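Right, one structure below, let's go through it.
Atom set for the values below is all heavy atoms of this structure, side chains included, hydrogens, waters and symmetry mates excluded. All of these numbers come straight from a predicted model, not from anything done at the bench.
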Amino acid sequence: MKNVQRLFTCVAALLVLSACSMAENTSAENPQATKNDVPPVEIAVPDVSGEVEPNETEENKLDLPSAPISGGVGSTSFPDDIYTPGLGGGPNREPAGYSEEEEDKNKSAGPPMRPVPTPSPAPQIPEDIPPEYAELLEEYADDPETLAMIRVMLEREDRSLELGAAAGLDFNKTCQAETTPRRTFLITCMEVQSGDLSQASHPIGSDLKASLETIARDLAGPGVALGRVEIPLCFWSESTQITDSPYFGMCPDWDYRYSDLAEKAAADFDTGRIAHHAPQQMVLNQPYFLEVAIQPLQKQSDQDSIDESLTAAIGTGLAPGSTEDALGLSFDTIRAGSVMSVSALGEGYDISATTPPEQPLLPGSPTVWQWQVTPRQPGTPLLTFTVSETVEVNGRDLPRTVKTIPLNISVKRLDDLLADTGPDETTAGTQQRSLASDTGSSANMPADTSTSGLMSAASTSGPDTDISGCRWVAGADPDRQAMVLSNLSYSPPVSRLAVTHQDGARMTEALSAVGFSVLQCEDLGQRQTVRALSLLGRMAKARTDMGAHPVTFFYYSGHGVNIEGTNFILPTDIPGASPDDIRDMGVSFEQIFNRVSSTVAPTSFVVFDACRTVMDDQSRGLMRAYSPVGWASGVFQAFATEPGKTAADDGVYSEELASNLSSLPDPANVVFKRVQDAVASRTGQKQRPVYTDGTTGGDFYFKQAND
């Protein structure tokens, strides 16, 4: 086996050296040639409706090394018009001139024979050769083709040492391209060390050679013009020979066909890991994105690694390679086949699939199913994921249900969520500080939750609901409303924080400077937090009902944790830090997101400067910080640090966010990118903020260029 691996490495290195040599010749002829001379390409994702053929003229960037290739977020799924070895093509997708009779004839004739080339004269073998070559020469003494290849490698030994650093001989992946009956390239890549396989499809343009060269250059990387090749590509074909390309060569006759290996691997499993997520509470008529991901389990599979891969694919939880446990998802082991179907069903919901219902599973990468789900019935209407395996019975492919996943979701009317329940008599008088009384603002007016009262509140001195611990800072734009909450005064065993009030004051000033009216709150209990969020939602909805397009902004600085997949912020009246305490007295992400959702305001920002660890008073262990929410629709999420990581209580994030938000005349996503870079730089890469832009309808600018 070791010799086979060495042979494989030698073969791949030979391909690289050939590409390097050809690339050097090209560079010598045209020293100015760069990767940008030819537009890059991307794996095309054809229309999943099956009605439109792939666009053969569009060229985008192909980025095979960055993500798994068989479905999932950030990778290419397999629609019905992409040929997959062993699985067949999509229905009624035969190209012109291709008939079922011809297909039957081809099947009966068997695979075409590959021509056996005549071995070239054997080069002179050096007397002093490396031991690994000597072993290979002895092992393949009866194989003229392999011997010829080894001898060529020996001839190039000196040159490989000379170009080793430049040529990138430490590559970890090689790829093969082959044509399919659907007029696409099937690109199959193999990890050199592990042998893991991944596949993708790309349309064939009008020029076969030009299309291959574009893909090969993109795989080779930006250094291809200088002879550096990151991932070599070869072309596998029984009928077409292309020998004059400086970027790729023909796959050797004695090499393995990766697509055959992928087909065999696809049949080499019967179980898989499944992950899914959904909010515990939904707002009536508010859209959500729900996802399910499945990845095969093989004999050599590591379950923890697969769960991390599923988490990264769905986009909820930790980054790949993290040593933390996955957050926010439910996992299980199921029976799995090479083709699986997943559906979302529920009579009280409008459900629209954004991925094909039936997709193949390939080892080494997850396959993702996604739906946009809009609840239309209040209460607890049943929503179920149904997972099926496609099996052949009497010559027919039929679905066989392997798992049903019922979801317990509470659907609330927005007006019920935003209703003001009035002050909490048991805690309102015990608040440690009332900002309203400190500033003498008019926030102590009698409660009036009418639309006219809220409209007036958005443009005058303050809202007409008294929330102890909050004050109102009027802004210039009636369609920009914010809530800033900073919690500091926790009681043991929850640790007291140091600079969160400074964070809140800093953010209030920055938001006011760009026109937001701000409800600034400090040290709120659970009930006061929910009341303040509801007030923010009512004010924005009042503007929406008037035909305006309001923007809401919620900023929180304090403690935040994740308990069994649910994220919470911690109010200051929480009695302890046990999971039961947090579930009973914390404020969940559902409560926050649903009150500032796109049903309330077309554009909403939710910023959590709250990834501080909390001591569990039962186990005395540190509880982890929370992770981004994947099911939210229409909300821009920002976090002070990466999922599962902690941020220092030092004000760095709020300083950078306040400064950039109030000064940069750039789109919101650019502003948060600047914040991400600045915080990472100031903390020596120990703290790296993250954000997810789920907003629609164009760019939002906090500050206009002419302000």
For residues L661 and V514, determine if any side-chain heavy atom of one lies less than 4.5 Å from a side-chain heavy atom of the other. yes
Reported CZ-to-CG distance for the pair F593 and L533, which is rounded to 0.5 angstrom: 11.5 Å
R527 and P571, any side-chain heavy atoms less than 4.5 Å apart: no
Could you pull out the closest heavy-atom pair between Q526 and G586, with the gap in Å? NE2-O, 3.4 Å
Looking at OG of S468 and CZ of R531, how far apart are the two atoms once the value is rounded to the nearest 0.5 Å? 9.5 Å
Lys/Arg-Asp/Glu bridge criterion (N-O < 4.0 Å) met for R674, E656: no
Closest approach of L418 to S534 (non-hydrogen atoms, all atoms of both residues): O-CB, 3.6 Å
Would you mind checking if D415 and K541 are paired as a salt bridge, meaning a charged N to carboxylate O distance below 4.0 Å? yes
Using only atom types and a distance under 3.5 Å, with no angle test, would you say the side chain of S659 pairs donor to acceptor with the backbone of E655? no
Say you draw a straight line from CG of L383 to CD1 of I409; how long is it, rounded to the nearest 0.5 Å? 5.0 Å
Between S597 and V635, which heavy-atom pair has the shortest distance, and what is it? CA-CG2, 4.4 Å
Is there a side-chain contact between F568 and V587 (heavy atoms, below 4.5 Å)? no
For the side chain of Y556 and the backbone of M483, is there at least one donor-acceptor N/O pair under 3.5 Å apart? no
Has R413 got more than 12 heavy atoms of other residues, nucleotides or ligands less than 6.0 Å from its CZ? no
Step-by-step side chain to side chain contact (heavy atoms under 4.5 Å, CB included) determination, I569 to L485: CA-CA 11 Å; I569 67 173; L485 172 59; 4.3 Å; yes
Side chains of T404 and T384 only: does a donor on one sit below 3.5 Å from an acceptor on the other? no
Under 3.5 Å donor-acceptor, D523 side chain and L488 backbone: yes
Donor-acceptor pair, side chain of T603 and main chain of V551, under 3.5 angstrom: no
Residues, nucleotides or ligands: over 12 heavy atoms within 6.0 Å of E509 CD: no
Give a yes or no on whether the backbone of S495 and the side-chain of H559 come within a donor-acceptor separation of less than 3.5 Å. yes
Derivation of the side chain to side chain contact (heavy atoms under 4.5 Å, CB included) call for R496 and S489: CA-CA 6 Å; R496 182 183 176 93; S489 300; 3.4 Å; yes
Taking S662 for the side chain and A510 for the main chain, is one N or O donor matched with an acceptor at less than 3.5 Å? no
May I ask you to decide if G651's main-chain N or O and S654's side chain share a donor-acceptor pair within less than 3.5 Å? yes
Whether W369 side chain and P357 backbone form a donor-acceptor pair below 3.5 Å: yes
Does F636 have its ring centroid less than 6.0 Å away from the ring centroid of F700? no
Would S410 and Q281 count as having a side-chain donor-acceptor pair, cut-off 3.5 Å? no
At their closest point, which heavy atom of L284 faces which heavy atom of Q377, and how far apart are they? CD1-N, 3.4 Å
Indicate yes or no: at least one non-hydrogen side-chain atom of Y701 is less than 4.5 angstrom from one of P667. yes
Roughly how far, to the nearest 0.5 Å, is the CG atom of N669 from the CD atom of Q676? 11.5 Å
Could you report the tightest heavy-atom contact between G475 and S517, atom names first, then the distance? N-OG, 2.8 Å
A side-chain contact here means heavy atoms from C-beta on lying under 4.5 Å apart; do F289 and Q370 qualify? yes
Are R273 and D332 within salt-bridge range, i.e. N to O under 4.0 Å? no
What is the ring orientation for F672 with Y691, classed by angle as parallel under 30°, tilted 30 to 60°, or perpendicular over 60°? tilted
Under a 3.5 Å cutoff, is there a donor and acceptor pairing between the side chains of T544 and H549? no
Centroid separation under 6.0 Å, is that true for the rings of Y555 and F605? no
State, with a plain yes or no, whether a side-chain heavy atom of N408 is found less than 4.5 Å away from one of Q280. no
When you measure from the side chain of T641 to the backbone N and O of Q687, does any donor-acceptor pair fall under 3.5 Å? no
When you look at D666 and D699, which way does the side chain to side chain contact (heavy atoms under 4.5 Å, CB included) test go after all the steps? CA-CA 9 Å; D666 295 317; D699 293 331; over 6 Å; no
Any T572 side-chain heavy atom under 4.5 Å of L524 side chain: no
Given 3.5 Å as the limit, does a donor-acceptor pair link the side chain of R595 with the main chain of G537, or not? no
Go through the side-chain N and O atoms of D581 and S578 and say whether any donor and acceptor fall under 3.5 Å apart. yes
Contact summary for L519 and C470, nearest pair of heavy atoms: CD1-CB, 4.0 Å
Go through it in stages, so that I can follow the logic: the residues are T500 and N487, the test is side chain to side chain contact (heavy atoms under 4.5 Å, CB included), and I'd like the CA-CA distance, side-chain angles, deciding distance and then a yes or no. CA-CA 6 Å; T500 56; N487 287 341; 5.7 Å; no
Proximity of Y349 and W371 rings by center, below 6.0 Å: no
Indicate yes or no: at least one non-hydrogen side-chain atom of Q286 is less than 4.5 angstrom from one of T374. no
From Q481 atom CD to R538 atom CZ, the distance as rounded to the nearest 0.5 Å: 12.0 Å
What is the ring orientation for F702 with F553, classed by angle as parallel under 30°, tilted 30 to 60°, or perpendicular over 60°? perpendicular
